Number of protein chains: 2
Amino acid sequence: MIKNDIVQVIEKKTGFSRMKALKMVELILNSMKEALSNNEKIEIRGFASFKIVPKKSGFGRDIRRKKQIRIKGGKRVKFRPGQDLKKL
Amino acid sequence: MIKNDIVQVIEKKTGFSRMKALKMVELILNSMKEALSNNEKIEIRGFASFKIVPKKSGFGRDIRRKKQIRIKGGKRVKFRPGQDLKKL
DNA sequence: TTGGACTATGTCATTTTTGATCATCCGCAT
DNA sequence: ATGCGGATGATCAAAAATGACATAGTCCAA
């Protein structure tokens, strides 16, 4: 499923034009991205929760050169599936 | 951020009633849940991708009894943040 | 429709998650 | 506004993800 598939669902279920449906999807995704950008957690019961956690990883590996690589800290988005997504 | 926060964004940006805005959010989340239920992966460029992967974990732990617990296989939803969510 | 931009894949060592359970906290439907 | 059902945190050991990079594959804006 890609973004356009979701847009089509909106079109069918609401009768909106493709552009209007696309706008709906973008609005929702953008508001979620913005919340995460502000280090805010998101919790949607029955779907999932997302939250920002500090990144501590220290090493990785460059396969080609077969040597370790230093990984800088930062932030990560932690995802946790909600109940509905656990019953799969 | 909770579901209602997203609904409010839709209300403001579109002028929809709360109920209509809520319906939009539900429609989108449900279509995503349904896709995952069908073992379908979801890929939204710039946001994130979700896909179903087999659960292989074999052990867990019961704190109270302090002993290992066998964990049965199943499915998991793997989440990968898109580019926009990595620039946080 | 097309190509530019973004994602998947494969690799290794270290970091992080997983999973059951209970109590506490909180989303959100009524 | 309330309460019910769902989510979080803590715990430990084993299992899986992370991260850089190049290539192949694909999403999606114009």
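Chain A is the first sequence line, chain B the second, and so forth, proteins listed ahead of strands; every chain is numbered from 1. These values consider heavy atoms only, across backbone and side chains, with no hydrogens, waters or symmetry-generated copies. Everything numeric in this text was worked out from a predicted model, so none of it was measured.
For the OP1/OP2 pair of D:dG6 and a distance below 4.0 Å, the side-chain nitrogens and oxygens of B:Lys3 include no atom meeting the criterion. OP1 and OP2 of C:dA29 both lie 4.0 Å or more from every side-chain N or O belonging to B:Arg18.
Between B:Phe47 and A:Met32 the shortest side-chain heavy-atom distance falls below 4.5 Å. Proximity of A:Lys75 to A:Asn39: side-chain heavy atoms (C-beta onward) are separated by under 4.5 Å at one or more points. Residues B:Lys78 and B:Lys41 fail the side-chain proximity criterion, which asks for heavy atoms closer than 4.5 Å. Using a 4.5 Å heavy-atom threshold, the side chains of B:Arg18 and B:Glu11 count as touching. The closest side-chain heavy-atom distance from A:Met24 to B:Thr14 is below 4.5 Å.
Spacing between atom CZ of B:Arg80 and atom C1' of C:dC6 amounts to 11 Å, rounded to whole angstrom units. Atom CG in B:Asp84 sits about 14 Å away from atom C1' in D:dC27, given to the nearest Å. Distance A:Ile44 CD1 to C:dC26 C1': 13 Å, rounded to the nearest Å. In this structure, B:Lys33 places its NZ atom 12 Å from C1' of D:dG6, rounding to the nearest Å. Put simply, NZ on B:Lys41 is 8 Å from P on D:dT26, counting in whole angstrom units. For the pair A:Leu29 CG and D:dC28 P, the interatomic distance rounds to 10 Å; values are reported in whole Å. Straight-line distance from the CG atom of B:Leu22 to the P atom of C:dG27: 16 Å, rounded to whole Å. Look at CG on A:Leu85: it is 13 Å from P on C:dT18, rounded to the nearest Å.
Take the nearest nucleotide of DNA chain D for A:Ser49 and for B:Glu43: the residue whose nucleotide is more 5' is A:Ser49. Taking the nucleotide of DNA chain D with the nearest heavy atom to each of A:Ile42 and B:Phe79, the more 5' of the two is matched to A:Ile42. Between A:Pro81 and B:Asn4, the residue anchored closer to the 5' end of DNA chain C is A:Pro81, taking for each the nucleotide with the nearest heavy atom.
Among the nucleotides D:dT8, D:dA29, C:dA29, the one closest to any side-chain atom of B:Glu26 is C:dA29. Listed candidates were D:dT8, C:dG27, C:dT16. Nearest to the side chain of B:Ile2 is C:dG27. Set against C:dG27, D:dA29, D:dT18, the side chain of B:Lys78 has D:dT18 as its closest nucleotide. Taking every side-chain heavy atom of B:Arg76 into account, C:dT18 is the closest of C:dT18, C:dG27, C:dA8. For B:Gln83, counting side-chain heavy atoms from C-beta on, the closest listed nucleotide (D:dT18, C:dT7, C:dT18) is C:dT7.
Side-chain atoms of B:Arg45 come within donor-acceptor range of the base of C:dC6, with a qualifying N/O pair under 3.5 Å.
When heavy atoms are screened at a 4.0 angstrom cut-off, A:Lys51 is found touching the sugar-phosphate backbone but no base atom.
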